[in-house]
Amino acid sequence: MAPSTGLAEAGRVDSLKAKILTLPDDTNKVKVLNDLFWATLYGTDQAAPLQYADQQRKLSEKIGDKRGLTQAYNEIGCFYFMRADYQKALKNLNLSLYLSKEIGFQRGIRAAYTNLSNVYRDQGNFPEALLCIENGLEMARKDGNKKAIADALTTSGNLQKELNNYPEALKNHLSALSYRMELKDQKGIADCYNNIGNIYSNLKKYDEALKNHLLSLKISRDNKNLTGVTSSLINLSEIYTRQLRYQDAINSLTEVLEIQKKLGNKRSIADAYNNLAENYERLQDYKTAIRYQELSKSIRTEIGDEEGLCECLANSANLYILLHQFDKAKAQLELAEQAALHLQSKLRLVEIYTNFKRLDSATGDFKEVLRYAKLCTLYNDSIFNDENTKKTTRAEMTFEFDKKEALMKAEQEKTAAIASAERRKQNIIIFAVSGALLLILSFALVAFRNYRLKQKANITLEFQKKSIEDSIRYAQRIQEAILPPALFETGEVHDHFLIFKPKDVVSGDFYWRYREGDYLFTATVDCTGHGVPGAMMSMLGYDLLENAVKDKGLREPASILNLMNRQVIEKLDSYNSESATESMDLTLCRLNLMTRELVYAGAKNDLFLLSENELWVLPVTKCSIGYAREMEYTQESRILKPKDELYLMTDGFADQKGGPEGNKFMIKKVKSLFQTLSALSCPEQKHRLLNELEQWRGVMPQKDDILLVGFII
C-alpha cells in the first residue's frame with residue numbers, strides 16, 4: 001500500500017469517478033472500484049474507501065466475479081486495519097483468504113497472508129504474523145514468483161526487526177535485495193537499502209546506515225521516485241540528529257518539505273514542519289522552532305490529525321517554557337492534556353505532565369509540581385504494567401512458533417553477519433532439543449544465572465523487563481501467601497464479602513485479621529502508592545500490625561495505631577511531618593464475638609455502620625499513620641445489634657474516575673450506595689458494588705488499588 005500523493009492523487013480520483021459512470025456492471029467496473037478504493041484510502045474523506053469497497057463487494061456478488069469478491073474483502077480488511085479495528089480487519093481478511101484458496105487465486109492468497117500479518121504485527125502477535133508471512137513465502141517459492149518471494153522476505157525482515165532479532169532481519173533483507181536486483185526492480189532495491197540502513201541505525205552503526213540510505217537516495221533520485229527520495233531523506237535526517245549534525249538534518253528535512261508541498265500531501269508537510277522544529281530546538285533557535293510548530297499545528301487542525309496536534313501542542317509548550325513565556329506554555333499544555341485524555345495516550349500524558357512539572361518548578365508552584373509528579377508516577381506505573389502484560393503475552397505466543405522457526409534457522413544461517421551467534425544456536429539445540437530462537441535463548445540463559453556472557457544490549461533489555469516482570473509476579477505470590485485466605489471463618493459473622501482489586505500486579509492495599517478467644521481483629525490498610533512501592537509499604541504495615549498484636553500483646557486499637565505511627569516514622573526517618581511521603585491510612589476493629597462490642601480506631605479512613613436501614617459514619621482520627629510523630633490516636637466503642645452491617649474500605653473505590661465527565665465517584669455516592677444494600681445478601685452486595693464501579697469507570701483506567709470489606713453481625 002502506497003501513501004497518497006496529494007493533488008496528483010486527487011486528480012486521479014476525479015478521473016476514476018468520471019469513468020465509473022460510463023461503465024456497465026461488469027468486471028471492468030469492479031476493477032475501477034478497486035482502483036478508487038486504493039486511491040482514496042489515504043485521503044481526507046475517511047468514509048469513501050469503505051463505500052467503494054462495499055460497492056465492489058456487492059457488484060462482484062451480483063455478477064459472480066469471485067476474484068473481485070476476494071479483493072473487496074481484502075480491501076475492507078485493510079480499511080479496518082488502518083483504523084485499528086482489528087476484529088473486523090481479521091474477519092474480512094480471513095474471508096478473503098478462504099475465498100482465494102477456494103478458487104485457487106494465488107495473488108489473493110498472498111495478499112491476504114500479507115495483510116493478516118500486518119494486523120497480527122500491530123496486535124503484538126509476532127508469531128502469528130511470521131507464520132502468515134512464512135505461508136506466503138512458501139507459496140511464492142513453489143510458484144517461483146520472485147517478486148512475491150522478495151515481498152515476503154522484506155515483511156519477514158521487518159517483523160524480525162520488531163523482535164530485535166537483527167541478524168535474522170538483516171539476512172532476510174539481504175536475500176530480498178538479491179531478488180530485487182535479479183528482477184531489476186529499482187524501487188524495490190531502494191526500499192531494501194533503506195530497510196538495511198534502518199537495521200544498522202538501530203545497532204548504532206551509523207556509518208553503515210548512512211551508506212545504505214545514501215545508496216537508496218541515489219537510486220530513488222535516478223528513477224524520479226519521490227516517495228523513495230522522501231523516505232531516504234527522513235531516515236538520513238534521523239541519523240544526522242543522532243550524530244548531533246542538526247544542520248545536515250535540517251537540510252534533508254527542508255528538501256522533504258519541498259517535495260511534499262509539490263505533491264500536496266498535507267500530513268507529510270505537517271510531519272516535516274514538526275521534525276524541522278525539533279532540530280531547530282536542538283540548535284537552541286527556539287523562535288524558529290515555534291514558527292514551524294505553529295505551521296504544523298495549523299495543518300493538523302485542518303486535516304483532523306488529533307494525535308499529531310497533541311504532539312505539536314506539547315512540543316510548543318516545551319519551547320515556551322524555554323523562552324520563559326509561561327502563560328503561553330500553560331495554555332498549550334492544557335490543550336495537549338485534553339487531547340491526550342481523549343486519545344487515552346498514557347505515553348503522551350507522561351510527557352505532558354512532565355512539562356507541567358517543569359513549568360510549575362519554573363514559576364515556583366511546588367504544590368502543583370508534587371501533584372503532577374504523582375500523575376507521572378501513576379501513568380508510568382500503568383505503562384510499565386501494560387508493557388509487562390504485552391511482553392508476557394508475546395512470550396507465551398512465541399514459544400510454540402519458535403521451535404519450528406529455530407529448526408529452519410539451523411539450516412539457513414550461513415552469513416558472516418550472524419557468525420558470532422553460532423555457538424548460541426548450538427546451545428539452543430543442546431538445551432531445548434528442538435531449538436529455540438535467539439531471543440528465547442537469551443531469556444533461558446540469563447534465567448540460569450547468567451550462564452553465558454552478556455547478550456547484545458537490546459536483548460539484555462528484553463530480559464531485564466522479563467526479569468522485573470518475574471520478580472513482580474514472585475512478589476505477588478509472596479503477598480498472596482501472607483494475606484489471610486479469608487477475613488472471617490465459619491461462624492464468626494453472619495455473612496461477609498471482600499472486594500480486593502489491585503491496580504497493578506501487587507497492591508499497596510491489604511487486609512488483616514487476628515483471632516484470640518472472643519476477640520476478632522479486622523483491618524483494612526491503604527499504604528502510600530500502588531504497584532511495587534505500595535506493596536513494599538504494605539509488607540511493612542503487615543509486619544507492624546503483627547508485631548503490635550502478637551509480639552507486643554497490645555489489644556486496644558488506639559494503642560496499636562500509636563505504636564505503628566512511631567515505628568513507621570522511626571523506620572522511614574520521616575521526622576518532618578510536612579515532608580513525610582510514606583504513610584498508611586487504615587481502619588482497625590476489635591469485635592467481641594460474644595457481646596457484640598465493637599472497639600475501633602482509624603487513621604483517616606472512616607468506618608460505616610448500616611443499622612436498621614440507617615447508615616452511620618463512625619469517624620476516626622483524620623491523620624495518616626507516619627505523618628506526625630506526636631499524633632495520639634483515639635478509639636471508640638459501640639454495642640452492635642444482630643444484623644448490623646459494617647463496611648471498611650480504602651479510598652480507591654471513591655476516588656475512581658469515570659462517568660460522562662471523568663469525575664471521581666466520591667464518598668457521597670458510596671454512602672448512598674451502601675444505604676440501598678440492606679435487603680441484599682453479601683454476595684449480591686458485592687455484585688452490585690462491582691457492577692456500579694465498572695459502569696462508572698467505563699473506559700477510564702483503574703486509578704488506585706481498591707479494597708472494600710462488608711460483614712453482617
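- When side chains are defined from C-beta on, V670 counts as touching M649, because their heavy atoms get closer than 4.5 Å.
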Exercise. Given the rule in the side chain to side chain donor-acceptor pair (under 3.5 Å) test, do S237 and N275 qualify, once you have shown the distances and angles that lead to the verdict?
Worked result: CA-CA 9 Å; S237 73; N275 292 335; 5.7 Å; no
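- Counting non-hydrogen atoms of other residues, nucleotides and ligands closer than 6.0 Å to NZ of K88 gives a total of 12 or fewer.
- Contacts classified as ring pair (Phe, Tyr, Trp, His ring centres under 6.0 Å) and involving residues 282-302 (residues at least two apart or in different chains) are given here: Y273-Y292, Y280-Y292.
- Atom NZ of K669 has more than 12 heavy atoms from other residues, nucleotides or ligands within 6.0 Å.
- Put simply, CG on N202 and NZ on K161 are 4.5 Å apart, with the number rounded to the nearest 0.5 Å.
- Other residues, nucleotides and ligands contribute at most 12 non-hydrogen atoms within 6.0 Å of the CG atom of D327.
- Looking only at side-chain heavy atoms (C-beta outward), F37 and F79 come within less than 4.5 Å of each other.
- Other residues, nucleotides and ligands contribute more than 12 heavy atoms inside 6.0 Å of the CE atom of M700.
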Problem set entry | Test log, rule ring pair (Phe, Tyr, Trp, His ring centres under 6.0 Å), inputs F653 and F665 | CA-CA 7 Å; F653 197 113; F665 192 91; 5.5 Å; yes
For this session: Show your reasoning for whether salt bridge (charged side-chain N to carboxylate O under 4.0 Å, His left out) applies to E258 and K262.
Result: CA-CA 6 Å; E258 291 171 357; K262 289 178 183 177; over 6 Å; no
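- Under the rule for a ring-ring contact (aromatic ring centres under 6.0 Å, His included), the partners of F608 that lie at least two apart in sequence or sit in another chain are F674.
- The local environment of CD in Q87 is sparse, with at most 12 non-hydrogen atoms from other residues, nucleotides or ligands closer than 6.0 Å.
- Nearest heavy atoms, L359 versus A329: CD1-CB, 4.2 Å.
- The side-chain heavy atoms of L707 and D526, taken from C-beta on, include no pair separated by under 4.5 Å.
- Ion pairing of D606 with K622 is present here, as a side-chain N (NZ or NE/NH1/NH2) and a carboxylate O approach within less than 4.0 Å.
- Between Q260 and L257, every side-chain heavy-atom pair lies at or beyond the 4.5 Å cut-off.
- The backbone N or O of A129 lies less than 3.5 Å from a partner atom in the side chain of S117, making a donor-acceptor pair.
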Problem set entry | salt bridge (charged side-chain N to carboxylate O under 4.0 Å, His left out) between R121 and E162, worked out | CA-CA 9 Å; R121 179 202 63 209; E162 293 277 359; 5.0 Å; no
For this session: Please assess R300 against D271 for the test salt bridge (charged side-chain N to carboxylate O under 4.0 Å, His left out), listing each intermediate value before the final yes or no.
Result: CA-CA 9 Å; R300 295 190 194 282; D271 290 341; 2.9 Å; yes
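- The number of heavy-atom neighbours closer than 6.0 Å to CD of E307, taken from other residues, nucleotides and ligands shown, is 12 or below.
- The backbone N or O of N605 sits less than 3.5 Å from a side-chain atom of T587, completing a donor-acceptor pair.
- Closest non-hydrogen pair, A340 versus R348, comes out as CB-CG, 4.0 Å.
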Exercise. Are K297 and Q332 close enough, and set up right, to give a side chain to side chain donor-acceptor pair (under 3.5 Å), and what steps lead you there?
Worked result: CA-CA 11 Å; K297 275 194 291 183; Q332 298 290 298; 2.6 Å; yes
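- A donor-acceptor distance shorter than 3.5 angstrom exists from the side chain of T354 to the backbone of V350, with no hydrogens or angles considered.
- For the residue pair E255/N251, the side-chain donor-acceptor check at 3.5 Å is not satisfied.
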For this session: Before giving the answer on side-chain contact (heavy atoms from CB on, under 4.5 Å), spell out for I234 and V256 the whole-Å C-alpha distance, their side-chain angles and the decisive distance to 0.1 Å.
Result: CA-CA 7 Å; I234 290 171; V256 169; 4.0 Å; yes
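- Within the 4.5 Å cutoff, no side-chain heavy atoms of L349 are placed close to those of L375.
- Summarising the geometry, atom CG belonging to D85 is positioned 10.5 Å from atom NZ belonging to K91; distances are rounded to the nearest 0.5 Å.
- Minimum heavy-atom separation, D655 to K664: O-CG, 3.6 Å.
- A side-chain N or O of Y353 and one of E337 form a donor-acceptor pair less than 3.5 Å apart.
- Taking CD1 of I625 as the start and CG of D585 as the end, the distance is 9.0 Å to the nearest 0.5 Å.
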For this session: Just do the side-chain contact (heavy atoms from CB on, under 4.5 Å) check on M82 and L41 with the steps written out, would you?
Result: CA-CA 9 Å; M82 288 189 62; L41 184 58; 3.4 Å; yes
Exercise. Would D705 and K501 satisfy salt bridge (charged side-chain N to carboxylate O under 4.0 Å, His left out), going step by step from the backbone distance to the final call?
Worked result: CA-CA 6 Å; D705 301 318; K501 291 172 63 67; over 6 Å; no
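- Under the 4.5 Å side-chain criterion, counting only non-hydrogen atoms from C-beta, N198 is in contact with N235.
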For this session: Show the numbers, then the answer: is there a side-chain contact (heavy atoms from CB on, under 4.5 Å) between K703 and K503?
Result: CA-CA 7 Å; K703 183 178 183 295; K503 177 186 179 295; 6.0 Å; no
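- Taking NZ of K657 as the start and CG of N663 as the end, the distance is 8.5 Å to the nearest 0.5 Å.
- Rounded to the nearest 0.5 angstrom, Y240 OH and L253 CG are separated by 11.0 Å.
- Residues N92 and Y80 form a side-chain contact, since some pair of their non-hydrogen atoms from C-beta on lies under 4.5 Å apart.
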For this session: Take D651 and I667 through the test side-chain contact (heavy atoms from CB on, under 4.5 Å) and record every step on the way to the result.
Result: CA-CA 8 Å; D651 61 3; I667 196 66; over 6 Å; no
Contacts table for residues 312-321: side-chain donor-acceptor under 3.5 angstrom, sequence neighbours left out:
| from | atom 1 | to | atom 2 | distance (Å) |
| --- | --- | --- | --- | --- |
| N315 | ND2 | N274 | OD1 | 3.2 |
| N315 | ND2 | E311 | O | 3.3 |
| S316 | OG | C312 | O | 3.0 |
| N318 | OD1 | R358 | NH1 | 2.3 |
| N318 | OD1 | R358 | NH2 | 3.4 |
| N318 | ND2 | E281 | OE2 | 2.7 |

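- S624 approaches K604 most closely through the heavy-atom pair OG-CD, 3.4 Å.
- Residues A270 and I299 come closest through the heavy atom pair CB-CG2, 3.9 Å.
- Between the CG atom of N194 and the CD1 atom of I199 there is a distance of 11.5 Å, given to the nearest 0.5 Å.
- Considering only heavy atoms from C-beta on, T650 stays 4.5 Å or farther from V525 through its side chain.
- For T363 (side chain) and D360 (main-chain N/O), a donor-acceptor pair under 3.5 Å exists by modelled atom type.
- Checking side-chain atoms of T676 against main-chain N and O of L673 turns up a donor-acceptor pair under 3.5 Å.
- The two residues V620 and A603 come nearest to each other via the heavy atoms CG2-N, 4.2 Å.
- No donor-acceptor distance shorter than 3.5 angstrom exists from the side chain of T621 to the backbone of C623, with no hydrogens or angles considered.
- Here E294 does not pair with R291 in a salt bridge; the nearest charged N to carboxylate O distance is not below 4.0 Å.
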